[in-house]
Novice: 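My structure is below; once you've seen it, I'll send some questions.
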Amino acid sequence: MSKVKYYYDPESLSYRKIERKKRTTFKYAAMFILASAIFGFIFVFIASQYVESPKERALKRELQNMQLQYGILNKKMEHAEAVLANIEDRDNNIYRVYFEANPIPEEQRKAGFGGINRYKQLEGYDNSKLITESSKRLDILQKQIVVQSKSLDEIAKLAEEKEKLLAAIPAIQPVNNKNLTRMASGYGMRSDPFTKARKMHWGMDFTAPRGTPIYATGDGIVVRADARATGYGKHIRIDHGYGYMSLYAHLYKYNVKQNQKVKRGDLIGFVGSTGRSQAPHLHYEIFKDGKRINPINFYYGSLTAEEYAELLENASLENQSLD
Ligand SMILES: [Zn+2]
């Protein structure tokens, strides 16, 4: 109970009780509560600067865990970078070399991202550096993977082309010549069987009995199978693509028609002695970009090194051709 207060009233010359108004009481109470609240807030604010709340502790733990995870991610990225570097190295130094493509320059593979700062929204925090570095690393890694993937696409295409090219280029002997005794005359200066004059022999002659099978030496299309070329008699020309053409002359019979597609090893005709020929034999020529070249360089498909050396020696003998 609060004390009862009095005041002196000069008019009535007596002490009178001070009546406190209800509104005043309420005002005092409100001021008291407000003051307590302000002090309370100030106290809590100061305390919070030095004392962690359970929520803060939980957040801190979460943050530490995140940093730890970032550290682990960085280690994994390091590993991925090493694996990718190895693939890039093989790509540049083996695959691209094998398929005669230029290696992809390092700057192109490792190119960053110029222009605007893509990591601006990551700046201004305690962990900015860690997060920015990781993001950058991952971005570069991603780009490198795209570059590598494109390179492999290119190589796959080159491999396919190379396979086609290898199948197309003449690479076997046009007649069965296992013991290598059929090669009669090579490419180069030879004496003419009819005039005995020394002149250029533009192909290789394989002696064989009339009717011996003749095989296509590479994949291609039969562009001619006729006797309308002077000297060659019945002859076949196969266009192999890539600038290569093979020619088979003095045939006895055809086994293919014009515009027919053939594969290496297909039976295309039979040995004969039509045209300007001294005896049954196959006269074989190879053209590259319209020019006749030495067929001796095109038997790698079916000969060992020793056999090839023997054939090479026989082909270089300056003897008489069968034409
Ligand atoms: Zn010949």
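For clarity, every value in this text was computed on a predicted model and none was experimentally measured. Each ligand, and each atom within it, is numbered from 1 in the order the structure gives. For reference, positions follow the sequence shown, starting with 1.
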Novice: Give the table of side-chain donor-acceptor pairs shorter than 3.5 Å for residues 251-260, with sequence neighbours excluded, one pair per line with atom names and distance.
Specialist:
residue, atom, partner, partner atom, Å
Y254, OH, D226, N, 3.3
Y254, OH, D226, O, 3.2
N255, ND2, L267, O, 2.9
Q258, NE2, V223, O, 2.9
Q260, OE1, K257, N, 2.9

Novice: Step by step, would you call K199 with D323 a salt bridge (Lys or Arg N to Asp or Glu O under 4.0 Å)?
Specialist: CA-CA 11 Å; K199 65 161 205 180; D323 255 31; 3.3 Å; yes
Novice: Tell me, please, if H201 has any N/O/S atom, main chain or side chain, under 2.8 Å from the Zn ion (ligand 1)?
Specialist: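 Under 2.8 Å: H201 contacts the Zn ion (ligand 1) through an N, O or S atom.
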Novice: List, one per line, each side-chain donor-acceptor pair under 3.5 Å for residues 152-160, sequence neighbours excluded.
Specialist:
residue, atom, partner, partner atom, Å
E154, OE2, R96, NH2, 3.2

Novice: Strictly under 2.8 Å, is the Zn ion (ligand 1) approached by any N, O or S atom of H283?
Specialist: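 Under 2.8 Å: H283 contacts the Zn ion (ligand 1) through an N, O or S atom.
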Novice: If we ignore hydrogens and angles and just use 3.5 Å, is the side chain of N319 paired with the main-chain N or O of A184 as donor and acceptor?
Specialist: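 Side chain of N319 to backbone of A184: a pair is present.
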Novice: Between the Zn ion (ligand 1) and D205, which N, O or S atom of the residue is the nearest one?
Specialist: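 Among the N, O or S atoms of D205, the one closest to the Zn ion (ligand 1) is OD1.
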